[in-house]
Amino acid sequence: MIRHWVEAMGDPNPVYLSADAARATGREGIVAPASMMQAWTMRGYAASTAPSARTAFDELVELLAEGGYTSVVATDSEFEFVRELVPGDEVSTEEVVESISAEKRTGLGPGRFVTTVRTYRDASGAVVAVQKWRTLRFRPAEERALRPRPAVNQDNAFWFEAAMEKRLVIQRCSSCEALRHPPGPCCPHCRSFEWDTVEAAGRATVHSYVVAHHPPHPAFDYPLLIALVELAEGTRLITNLVGVAPDEVVIGMPVRLEWLEADPELVLPVFRPES
């Protein structure tokens, strides 16, 4: 583990790998980097998830979670090292809660600073290090979840790029001028690979639709109207209907284009009934 650590940290100090180098500095043999102290008492995944592994600190975390403080970010750690550890040392730790602050307003959301003190001991019970560890347990600020990202590839990237500019374009074969959607590399009529685009006028009619209720996703409002609309140019597009209740939608209803700015990186066409 020491070899792994110094390799990952890029620490070339020979006292961590060579007994001779360590003795040359007055040590009895290889020593462990002081910054590894916490690693020796960390539980593995299997141990930390076993029912018998519950600790008093786990109970504290659950109590804070009941108050809505479900997220955590480390703020600082203060270490006092009493002596260096050597291979063969058996390290144990105990942790006590020093303080829990009153609720504070932070950029991450309202939360409480929890300060604990960990005492590290060797097999004889002697203290080898003391750590003061402070974390912020906070209630995440409510933010709208992002819509799932579309599957963008070389064949359809142009369409999403145009949407970011609030232009609804339709792929057109350069040879036979047939319009097609979804985009593809080859014309299904004449097999030509040459194409350009035309900009849609934004008028359409509802060809078919469904009302989605499940499974719910936090980025969407429900009930969710998903429609297949037929553009005035003749191609069809799967989209969302807005500004209309599910029981008001009828097949053949005229609709017009609007743009949904889902987030800074995603703009999508939606359709609203003609007024």
Side-chain angles (χ1 to χ4, degrees), residues 1-9 11 16 31-148 213-222 263:
M1 288 303 299
I2 292 174
R3 285 195 296 269
H4 289 320
W5 184 275
V6 298
E7 180 181 347
M9 297 298 177
D11 190 340
Y16 302 140
V31 296
S35 54
M36 287 189 72
M37 183 65 66
Q38 191 176 354
W40 304 120
T41 58
M42 285 183 170
R43 298 175 292 175
Y45 176 76
S48 63
T49 56
S52 60
R54 279 179 52 81
T55 66
F57 188 75
D58 293 328
E59 295 179 16
L60 171 62
V61 171
E62 290 175 2
L63 286 172
L64 290 166
E66 288 178 10
Y69 310 113
T70 55
S71 297
V72 59
V73 62
T75 57
D76 62 81
S77 173
E78 300 174 12
F79 253 119
E80 177 187 352
F81 301 106
V82 179
R83 76 165 175 87
E84 294 170 313
L85 296 180
V86 298
D89 267 326
E90 295 183 8
V91 186
S92 61
T93 183
E94 63 181 11
E95 186 170 14
V96 298
V97 178
E98 182 180 85
S99 65
I100 301 177
S101 75
E103 185 174 273
K104 308 288 186 181
R105 303 194 69 83
T106 75
L108 296 173
R112 297 177 185 269
F113 290 93
V114 179
T115 303
T116 61
V117 178
R118 295 176 183 173
T119 302
Y120 297 83
R121 301 179 186 273
D122 61 18
S124 67
V127 175
V128 294
V130 178
Q131 178 188 24
K132 180 174 288 190
W133 177 252
R134 185 177 293 108
T135 58
L136 171 63
R137 302 272 168 172
F138 64 96
R139 187 183 304 120
E142 293 185 4
E143 295 183 0
R144 186 67 181 247
L146 295 180
R147 280 198 172 213
H213 298 274
H214 298 282
H217 187 287
F220 298 96
D221 296 320
Y222 291 84
D263 59 64

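FYI, side chains are in, hydrogens and waters are out, and symmetry mates aren't considered; it's all heavy atoms of this structure. Position 1 is the first residue of the sequence, and the numbers go up from there.
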If I compare all heavy atoms of [X] with all of [Y], which pair ends up nearest, and what's the gap?
{"X": "Trp5", "Y": "Ala39", "value": "CZ3-CB, 4.5 Å"}
{"X": "Val6", "Y": "Pro33", "value": "CG1-CG, 4.0 Å"}
{"X": "Ala129", "Y": "Phe81", "value": "CB-CD2, 4.1 Å"}

Taking the side chain as every heavy atom from C-beta outward, state whether [X] and [Y] have any pair of such atoms under 4.5 Å apart.
{"X": "Pro148", "Y": "Phe220", "result": "yes"}
{"X": "Val117", "Y": "Val130", "result": "yes"}
{"X": "Val97", "Y": "Thr115", "result": "no"}
{"X": "Arg147", "Y": "His217", "result": "no"}

I need the [X] [atom1] to [Y] [atom2] distance, nearest 0.5 Å.
{"X": "Asp76", "Y": "Thr135", "atom1": "CG", "atom2": "OG1", "answer": "9.5 Å"}
{"X": "Asp122", "Y": "Ser92", "atom1": "CG", "atom2": "OG", "answer": "8.0 Å"}
{"X": "Arg118", "Y": "Thr41", "atom1": "CZ", "atom2": "OG1", "answer": "7.0 Å"}
{"X": "Leu85", "Y": "Met37", "atom1": "CG", "atom2": "CE", "answer": "4.0 Å"}
{"X": "Tyr120", "Y": "Trp40", "atom1": "OH", "atom2": "CH2", "answer": "12.5 Å"}
{"X": "His4", "Y": "Glu7", "atom1": "NE2", "atom2": "CD", "answer": "8.0 Å"}

| said: Apply side chain to side chain contact (heavy atoms under 4.5 Å, CB included) to residues Phe138 and Arg112 and explain how you reach the verdict. | reply: CA-CA 6 Å; Phe138 64 96; Arg112 297 177 185 269; over 6 Å; no

| Working for salt bridge (Lys or Arg N to Asp or Glu O under 4.0 Å), residues Asp89 and Arg121 | CA-CA 10 Å; Asp89 267 326; Arg121 301 179 186 273; over 6 Å; no

| said: Using side chain to side chain contact (heavy atoms under 4.5 Å, CB included), reason through Ser77 and Phe79 one step at a time and then give a plain yes or no. | reply: CA-CA 6 Å; Ser77 173; Phe79 253 119; 4.1 Å; yes

| Exceeds 12 heavy-atom contacts within 6.0 angstrom, atom CD of Glu90 |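 At most 12 heavy atoms, drawn from other residues, nucleotides or ligands, come within 6.0 Å of this atom.
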
| Ser101 side chain to Phe113 main-chain N or O, any donor-acceptor pair under 3.5 Å? |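 It does hold such a pair.
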
| Can you tell me if His214 uses its side chain to pair, donor with acceptor, with the backbone of Pro216 under 3.5 Å? |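 Answer holds: no.
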
| task | Please step through side chain to side chain contact (heavy atoms under 4.5 Å, CB included) for the pair Glu98 and Lys132, ending with a clear verdict. | result | CA-CA 9 Å; Glu98 182 180 85; Lys132 180 174 288 190; 3.3 Å; yes

| query | After noting the C-alpha distance and the side-chain angles of Gln131 and Glu80, does the key distance pass the side chain to side chain contact (heavy atoms under 4.5 Å, CB included) rule? | reply | CA-CA 6 Å; Gln131 178 188 24; Glu80 177 187 352; over 6 Å; no

| said: Please identify which of these residues, Ile100, Thr70, Val73, Leu64, meets the side chain to side chain contact (heavy atoms under 4.5 Å, CB included) condition with Arg137. | reply: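 It is Leu64, the one option of Ile100, Thr70, Val73, Leu64 that forms the side chain to side chain contact (heavy atoms under 4.5 Å, CB included) with Arg137.
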
| query | Should Glu103 and Arg139 count as an ion pair when the cut-off is N to O under 4.0 Å? | reply |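 A salt bridge is present here (some side-chain N lies under 4.0 Å from a carboxylate O).
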
